[in-house]
Amino acid sequence: MIILDKDQMRRNTAIFPMSSAMKLTGLTARQIRYYESLSLISPERTPGNHRIFSMNDLDILLSIQNYMEKGFTMKRIGEILNEPHKVDTPEILKYNEYQRPLLNRGDLSRFFQ
DNA sequence: TTTCTAACA
DNA sequence: TGTTAGCA
């Protein structure tokens, strides 16, 4: 199927400015820009060159937070997110069990821990 | 006023 | 990563 799922399209719609990404993920602008440089996320840009994030971008950012909390290095996280074939290691699978549910179904509980 | 890039402590 | 300078 060439056309993405309706929901997937909406989740890929970029509308959040840096300030929103920072509040929603708890990350600093510096960190977010750094992760983009590692191709972990690919936010769109406004005509003025300002980044605009989609829900999927934020979701990835949240996942990065999870991995960091579990002690993964940015190098390792980069491999995990950019090269799926490296994810099937006992090491990763073990931690994936603790991954929180993705940003969907209107579940906002993740924002209130 | 907010965000951006680049670069240095 | 933090922070700051100088732009847009």
Side-chain angles (χ1 to χ4, degrees):
Chain A
M1 177 99 89
I2 300 175
I3 299 179
L4 290 175
D5 186 88
K6 262 191 177 180
D7 274 17
Q8 219 15 265
M9 290 186 80
R10 291 201 169 87
R11 291 176 199 298
N12 277 316
T13 300
I15 60 172
F16 304 104
M18 181 56 86
S19 56
S20 296
M22 290 171 73
K23 287 192 175 182
L24 263 31
T25 66
L27 295 166
T28 65
R30 179 79 168 73
Q31 290 176 295
I32 295 174
R33 293 179 190 121
Y34 176 56
Y35 303 153
E36 178 185 13
S37 75
L38 299 180
S39 298
L40 268 36
I41 55 172
S42 301
E44 289 175 31
R45 297 280 182 150
T46 66
N49 198 42
H50 283 191
R51 269 166 275 248
I52 41 179
F53 307 83
S54 67
M55 293 187 107
N56 285 328
D57 290 323
L58 301 180
D59 208 32
I60 293 174
L61 253 18
L62 256 5
S63 291
I64 293 174
Q65 273 286 231
N66 286 172
Y67 284 122
M68 288 183 82
E69 289 175 9
K70 301 184 187 318
F72 285 86
T73 62
M74 278 316 299
K75 178 177 182 295
R76 202 76 188 71
I77 297 175
E79 296 178 341
I80 297 173
L81 274 49
N82 284 318
E83 307 185 67
H85 64 277
K86 289 188 177 181
V87 179
D88 287 319
T89 66
E91 177 196 20
I92 307 295
L93 294 176
K94 175 185 176 185
Y95 288 109
N96 277 169
E97 294 175 30
Y98 304 121
Q99 275 283 9
R100 288 185 172 186
L102 300 179
L103 188 62
N104 58 29
R105 296 186 288 284
D107 178 7
L108 301 178
S109 63
R110 66 188 303 121
F111 297 126
F112 302 96
Q113 180 178 177

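We name chains A, B, ... by the order of the sequence lines, and we start the count at 1 in each one.
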If you pin A:Thr28 and A:Gly48 to their nearest nucleotides in DNA chain C, which one's is more 5'?
-> A:Thr28
Compare side-chain N and O positions of [X] against OP1 and OP2 of [N] and report whether any pair is under 4.0 Å apart.
X       : N     : answer
A:Arg33 : B:dC4 : yes
A:Arg45 : B:dT5 : yes
A:Tyr35 : C:dT1 : yes
A:Arg51 : B:dT3 : no

Could you state the [atom1]-[atom2] distance from [X] to [N], rounded to the nearest angstrom?
X       : N     : atom1 : atom2 : answer
A:Arg30 : B:dC4 : CZ    : C1'   : 13 Å
A:Gln31 : C:dT3 : CD    : C1'   : 14 Å
A:Glu36 : B:dA6 : CD    : P     : 12 Å
A:Leu27 : C:dG2 : CG    : C1'   : 14 Å
A:Tyr34 : C:dT3 : OH    : C1'   : 17 Å
A:Met22 : B:dT3 : CE    : P     : 7 Å

For B:dT1, the nucleotide meeting Watson-Crick or G-U wobble distances (both under 3.5 Å) is none
Name the pairing partner of B:dA9, where a pair is Watson-Crick or G-U wobble with both distances under 3.5 Å, or state none.
-> none
To the side chain of A:His50, which of C:dG2, C:dT1, C:dA8 is closest?
-> C:dA8
Gap separating the CG atom of A:Asn56 from the OG1 atom of A:Thr13, nearest 0.5 angstrom = 9.0 Å
Distance, nearest 0.5 Å, that separates CG of A:Leu62 from CG of A:Leu24 | 7.5 Å
Check every strand shown and say whether A:Ser19 touches a base, only sugar-phosphate, or nothing at a heavy-atom separation below 4.0 Å.
-> sugar-phosphate
Side-chain donor-acceptor pair present, A:Ser63, A:Asn66, cut-off under 3.5 Å | no
Heavy-atom pair of closest approach, residues A:Ala29 and A:Met22 = N-CE, 3.7 Å
Heavy-atom closest pair (A:Met74 atom, A:Leu38 atom, distance to 0.1 Å) is CE-CD1, 3.9 Å
